[in-house]
Amino acid sequence: MPDVVTRFAPSPTGYLHIGGARTALFNWLFARRNGGKFLLRIEDTDQERSTPGAVKAILEGLTWLGITWDEGPYFQMERMALYRKEAERLLAEGRAYRCVCTPEELDARREAARARGEKPHYDRRCRNLPPGEAEGKPSVVRFLAPLSGRTVVRDLLRGNVAYENEQLDDLVLLRTDGSPTYNFVVVVDDATMGITHVLRGDDHLNNTPRQILLYEALGYPLPRFGHFPLIHGMEGGKLSKRQDDVSVTAYRDRGFLPEAMINYLVRLGWGHGDQEIFSVEELQKIFSLESVGKSPSRFDPEKLLHVNAHYIKTGEPDRLAVLLVPFLRRRGIEAEPSAWLAKAVRTFQERSRTLEEMAEASEYYFRRKDPDPKTAEKFLTPEMAPLLEEIARELADLPDFTPVAMEPVLLRAAENRGVKLGKVAQPVRVALTGGTVSPGLFEVMDVLGRDEVIRRLLHASGTIRGG
RNA sequence: GUCCCCAUCGUCUAGUCUGGCCAAGGACACCGCCCUUUCACGGCGGCGACCGGGGUUCAAAUCCCCGUGGGGACGCCA
């Protein structure tokens, strides 16, 4: 058994979101760093809300990020017999009892308690039900929690956190239909799966003392606990579906690179001196819980964009070409990965923050784009027609159609007219790309190829003369 | 309401454990300049923070207390 076994245990009620992805990442890195194992477990005991589609989406998200699990995915629905057995045991040992209160009654009492300014807790009235009273009635199984004393959570990140047991609740272990609830299964599973480090979001800190009590009642050894600060949206507070983009795959579909996502996510709540850029390999060597902060952080799409730009800038053109293809197709451009596409990619690596941006910006490599009237009027003026034709002619005569050979052609054209290069370059750029913004002119020509360059230059001059 | 957690630039953070090296460093964003065939990239510079109040100490961003603020939890959700 390795010294470290961690897990990620999402509930399949939606896609993999940013917060869950970071929790998975931290667990994974911690396991890898310590030569341990990382398991995946699907918490699907809520049959109302769990869906197969969500399971698929979560696995897809993790796979895209490159977060690999050593065991699983385990499904709790397949482990029902175990939970029932453990619940029976607690019942038999008098550490759990049947409760016949209905959800409606509980709701009403909760409301009343809140109105009185009390903590809205179950009042434990079924604790002393006469034997047999619950027979034949719908009932749940509740944990018989201690009424006094205190439970201390020894948290790896926060130190010791003490709770008065009287603040805790007799939580429901088994629902009326016999299915187990979260706080119960999580304990049974973590214990039986040999999880050594339970590392999860801060929203679970308050559950931990109850779970510790359950560990004790069940006679399980206690794992170590660690609670990460939550990730908030830019408005503060939990990431919300409405205000923030929270799905990991949505970022994939918008042209973000997985390594950028990992890099950005790991820096939310964790730091390593002044360093900003980390490869996964490096993270697996240096990630540590000690460097995880305690305060919540905000998810900032601007910075993610910056990190993604970095990875696009430094990425392998061949790989980026492969990744770019779907984004081109989405724009109706049937492209295939190729050396040519990689060359095209190279010209945009320093000016695209996402693959989506790259696909959009590089459209004119695949089909001619005509300038809008305003741009045409400004740059494709009547006196430009002979110039474009002259340039086309000279380019046609070039022994080698290379950037170094092209440059003197434009330089000469500018010199002959006594203007700066820019005066000539912009009209050519508009003729070639339909716009005033593009990679270096000679790079663009190189990608387009001699024939297409000449074709577009003459088309532009033809338009000027004809219109 | 009760319980719990947290608190350094607008944002992510370094520094806090082991007080002095901090007139607080880096990154994103923003602004200016340079480079330049456009846009970017890059380079240089600027703006910008220790939540407040008490204490401890020769010395506090760092330790303690109290406020305040933010967040989380209080479910037959996870």
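Numbers restart at 1 for each chain; the letters A, B, ... are given by sequence-line order, proteins then strands. Just so we're clear, the structure is a prediction, and the values are computed from it rather than from any experiment.
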Which part of the nucleic acid does [X] contact within heavy-atom distance under 4.0 Å: base, sugar-phosphate only, or nothing?
X	result
A/L230	sugar-phosphate
A/P439	base
A/T13	nothing

Between [N] ([atom2]) and [X] ([atom1]): distance, integer Å:
X	N	atom1	atom2	value
A/E276	B/G26	CD	P	12 Å
A/R351	B/U36	CZ	C1'	11 Å
A/M358	B/A40	CE	C1'	12 Å
A/L106	B/C76	CG	P	6 Å
A/D46	B/G75	CG	C1'	11 Å
A/D189	B/A78	CG	P	12 Å
A/R158	B/U16	CZ	P	19 Å

G-U wobble or Watson-Crick pairing nucleotide for [N] (cut-off 3.5 Å, both distances):
N	answer
B/C30	B/G46
B/U68	B/A7
B/C41	none
B/G1	B/C74

Between [N] and [X], counting only base atoms on the nucleotide and side-chain atoms on the residue, is there a donor-acceptor pair under 3.5 Å?
X	N	answer
A/R429	B/U37	yes
A/S297	B/C12	no
A/K303	B/A29	no
A/D202	B/A73	no

Expressed as a whole number of Å, how far does the [atom1] atom of [N] sit from that of [M]?
N	M	atom1	value
B/G19	B/C58	P	15 Å
B/A29	B/A24	P	24 Å
B/G48	B/C4	P	40 Å
B/C9	B/C5	C1'	24 Å
B/C50	B/A23	P	14 Å

Both A/A162 and A/P138 contact RNA chain B. Taking the nearest nucleotide for each, which residue is further toward the 5' end?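 Its nearest nucleotide lies further toward 5', so the answer is A/A162.
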Which atom pairs link the protein and nucleotides 42-53 of chain B when you take only N or O atoms and keep those under 3.5 Å?
from	atom 1	to	atom 2	distance (Å)
B/G42	OP1	A/K313	NZ	3.3

Crowding at CZ, A/R224 (>12 non-hydrogen neighbours, <6.0 Å): no
Between A/R200 and A/T208, do the side chains contain a donor N or O and an acceptor N or O under 3.5 Å apart? yes
Would you tell me whether A/H227 and A/D202 have side-chain atoms, one donor and one acceptor, within less than 3.5 Å of each other?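 A/H227 vs A/D202: no donor-acceptor pair found between side chains.
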Option passing side chain to side chain contact (heavy atoms under 4.5 Å, CB included) with A/F184 (candidates A/V186, A/V188, A/V187):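 Answer to the side chain to side chain contact (heavy atoms under 4.5 Å, CB included) test with A/F184 among A/V186, A/V188, A/V187: A/V188.
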Start with the C-alpha gap between A/L457 and A/V453, add the side-chain angles, then the distance that decides, and say whether side chain to side chain contact (heavy atoms under 4.5 Å, CB included) holds. CA-CA 6 Å; A/L457 288 174; A/V453 167; 3.9 Å; yes
Start with the C-alpha gap between A/I391 and A/L387, add the side-chain angles, then the distance that decides, and say whether side chain to side chain contact (heavy atoms under 4.5 Å, CB included) holds. CA-CA 6 Å; A/I391 290 171; A/L387 176 75; 4.0 Å; yes
Check this for me: does any side-chain nitrogen of one of A/E43 and A/R41 sit under 4.0 Å from a carboxylate oxygen of the other?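 Salt bridge present between A/E43 and A/R41.
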Which of parallel (below 30°), tilted (30 to 60°) and perpendicular (above 60°) describes A/H204 and A/Y182?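 Tilted, since the angle between the ring planes falls between 30° and 60°.
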